[in-house]
K.L.:
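Take a look at the following structure, please.
Chain letters run A, B, ... following the sequence lines, proteins first, then strands; residues in each count from 1. Not measured: the values here are computed from a predicted model.
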There are 2 protein chains.
Amino acid sequence: MTDTTSLPSDLSKDRLRVWLRMLKVTRMIEAELRERMRRTWDITLPRFDVMAALRREEAGMKMSDLSGVLRVSNGNVTGIVDRLEGDGLVERRSVEGDRRAMRVLLTGNGRRMFDEMAAVHEQWVDELLSPIGAQGLSTVHTRLGRITDKLEEKD
Amino acid sequence: MTDTTSLPSDLSKDRLRVWLRMLKVTRMIEAELRERMRRTWDITLPRFDVMAALRREEAGMKMSDLSGVLRVSNGNVTGIVDRLEGDGLVERRSVEGDRRAMRVLLTGNGRRMFDEMAAVHEQWVDELLSPIGAQGLSTVHTRLGRITDKLEEKD
DNA sequence: CAAAAATGTTTCAAGCTTAAAATGTTTATG
DNA sequence: CATAAACATTTTAAGCTTGAAACATTTTTG
């Protein structure tokens with residue numbers, strides 16, 4: 001019962017099937033992670049994503065860098081950073097030499113909080129993706145990489 | 001330069017990497033599809049998803065079936081169906097024998113509109129996933145299937 | 001150097017999303 | 001049969017998301 005039932009001419013249908021399955025998997029995992037994060041730390045996925053991006057840049061990032069890395073709109077980041085700032089997890093500082101720009105960085109609290117969350121988050125992902133072994137991980141990683149490469153080259 | 005660099009002990013990091021890449025790919029493709037749908041038909045992805053579900057059920061679906069299939073909350077479906085109804089693409093009918101429930105179905109217009117969109121949508125997906133050939137499709141499909149299977153068995 | 005173009009951010013309106021509470025209806029149970 | 005439990009849906013409040021418009025500032029260019 002292997003996947004050799006479909007004819008080559010149905011390639012397009014197969015792509016649609018794979019796309020729908022990808023969508024299903026990511027939505028299910030995202031829902032599961034969101035739920036656990038909400039219950040464990042009362043935090044949302046978007047906030048976590050912003051903190052993760054900032055954790056990699058000790059010196060902070062400009063708002064526009066943040067929306068670039070996260071691939072979300074500028075206005076979106078404004079709101080999320082507003083709320084994180086309200087919770088004392090990030091801080092906005094002006095960029096010297098450019099009065100338009102803002103540098104956002106994690107506060108000490110933010111960094112401690114994120115590190116704690118990241119460790120658990122990694123375990124959760126490991127658990128949720130456990131049905132895929134080393135071999136599968138490598139092939140999936142490669143195939144998906146080809147897609148992003150192609151999508152990126154036209155930006 | 002194959003992917004055999006990581007030690008077995010880093011499996012958890014590899015899973016995180018694959019997860020982040022999956023997230024990236026689906027977000028990029030979703031953004032691209034959303035943008036094209038907006039520009040071509042001025043329609044959103046959630047509306048398209050609802051119509052797709054209804055297209056498979058000539059007789060219509062109850063609101064709760066709809067939210068079950070699409071894996072979104074009940075309240076969410078209420079709003080989307082409201083707007084689709086406002087555009088004359090779907091219709092709400094009462095279910096005989098149960099005054100609580102509602103049966104939602106595509107109108108003639110909705111069906112025509114969806115069929116037109118679905119054909120183009122399939123081409124777009126084919127194009128966006130074109131870097132993956134028949135072989136890759138089959139392996140990716142299988143691996144992802146294992147994850148959904150596991151996530152589903154605990155529902 | 002003044003005007004125009006580009007850049008960085010925020011604001012806005014509309015729509016999506018969720019969890020939880022509210023409403024109305026049906027089914028189960030004592 | 002009354003009432004409790006379950007079910008189907010909607011409403012609500014809060015937050016996420018986008019594209020476009022508005023603002024402020026910096027850079028380019030004629």
K.L.:
On the nucleotide dC16(C), are OP1 or OP2 found under 4.0 Å from the side-chain N or O atoms that R83(B) carries?
P.N.:
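Looking at the OP1 and OP2 atoms of dC16(C), one of them is under 4.0 Å from a side-chain N or O of R83(B).
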K.L.:
Nearest to the S73(A) side chain among dG8(C), dT18(D), dT9(D), which nucleotide is it?
P.N.:
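Nearest nucleotide to the side chain: dT18(D).
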K.L.:
When all nucleic acid strands are considered with a 4.0 Å heavy-atom cut-off, which category describes R47(B): base, sugar-phosphate, or nothing?
P.N.:
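Counting heavy atoms under 4.0 Å across all strands, the contact made by R47(B) is with sugar-phosphate only.
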K.L.:
Nearest to the side chain of P46(B) - dC16(C), dG24(C), dT18(D)?
P.N.:
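The answer is dC16(C), which lies nearest to the side chain.
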K.L.:
Out of dG8(C), dG19(D), dT9(D), which has the shortest distance to the side chain of N74(B)?
P.N.:
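Of the candidates, dT9(D) comes closest.
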K.L.:
Starting from C1' on dT18(D), measure out to CD on E30(B) and report it in whole angstrom.
P.N.:
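Those two atoms, CD and C1', are 13 Å apart.
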K.L.:
Look at the side-chain N and O atoms of R39(A) and state whether any lies under 4.0 Å from the OP1 or OP2 oxygen of dA19(C).
P.N.:
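R39(A) to dA19(C) OP1/OP2: no side-chain N or O under 4.0 Å.
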K.L.:
Given dA24(D), dA8(D), dT18(D), which nucleotide is nearest the side-chain atoms of D98(B)?
P.N.:
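For the D98(B) side chain, the nearest candidate turns out to be dA8(D).
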K.L.:
Please classify the nucleic acid contact of S64(A) as base, sugar-phosphate, or nothing, using heavy-atom distances under 4.0 Å.
P.N.:
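Touches sugar-phosphate only.
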K.L.:
Does dT10(D) have OP1 or OP2 under 4.0 Å away from a side-chain N or O of R92(B)?
P.N.:
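So the side chain of R92(B) is within the cut-off, an N or O lying under 4.0 Å from OP1 or OP2 of dT10(D).
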K.L.:
Pick base, sugar-phosphate or nothing for I80(A), based on heavy-atom distances below 4.0 Å to the nucleic acid.
P.N.:
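Counting heavy atoms under 4.0 Å across all strands, the contact made by I80(A) is with sugar-phosphate only.
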K.L.:
Look at the side-chain N and O atoms of R99(A) and state whether any lies under 4.0 Å from the OP1 or OP2 oxygen of dT26(D).
P.N.:
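So the side chain of R99(A) is within the cut-off, an N or O lying under 4.0 Å from OP1 or OP2 of dT26(D).
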K.L.:
Is the shortest side-chain N/O distance from T44(B) to OP1 or OP2 of dC16(C) below 4.0 Å?
P.N.:
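Yes, because at least one side-chain N or O of T44(B) sits under 4.0 Å from OP1 or OP2 of dC16(C).
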K.L.:
For R17(A) and H141(B), does a side-chain donor sit closer than 3.5 Å to a side-chain acceptor?
P.N.:
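H141(B) and R17(A) do not have a side-chain donor-acceptor pair below 3.5 Å.
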K.L.:
Are any of N76(B)'s side-chain N or O atoms less than 4.0 Å away from OP1 or OP2 of dT18(C)?
P.N.:
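For dT18(C), OP1/OP2 do have a side-chain N/O of N76(B) under 4.0 Å.
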K.L.:
Nearest of dT18(D), dA20(D), dG8(C) to any side-chain atom of R38(B)?
P.N.:
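Of dT18(D), dA20(D), dG8(C), dA20(D) is nearest to the side chain of R38(B).
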K.L.:
What's the closest nucleotide to the side chain of R34(A) if the choices are dT10(D), dT18(C), dT9(C)?
P.N.:
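Shortest atom-to-atom distance from the side chain points to dT18(C).
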K.L.:
Got a sec: does the CD of Q135(B) have more than 12 other heavy atoms crowding it under 6.0 Å?
P.N.:
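12 or below, so no.
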K.L.:
Describe the nucleic acid contact of E35(B) in one word from base, sugar-phosphate, nothing, applying a heavy-atom distance below 4.0 Å.
P.N.:
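Counting heavy atoms under 4.0 Å across all strands, the contact made by E35(B) is with sugar-phosphate only.
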K.L.:
Please pick, from dT18(D), dT10(D), dA8(D), the nucleotide with the shortest atom-to-atom distance to any side-chain atom of V72(A).
P.N.:
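Nearest to the side-chain atoms of V72(A), counting from C-beta on, is dT18(D).
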K.L.:
Can R27(A) and D49(B) be counted as an ion pair, charged N to O under 4.0 angstrom?
P.N.:
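Looking at R27(A) and D49(B), the cut-off is met.
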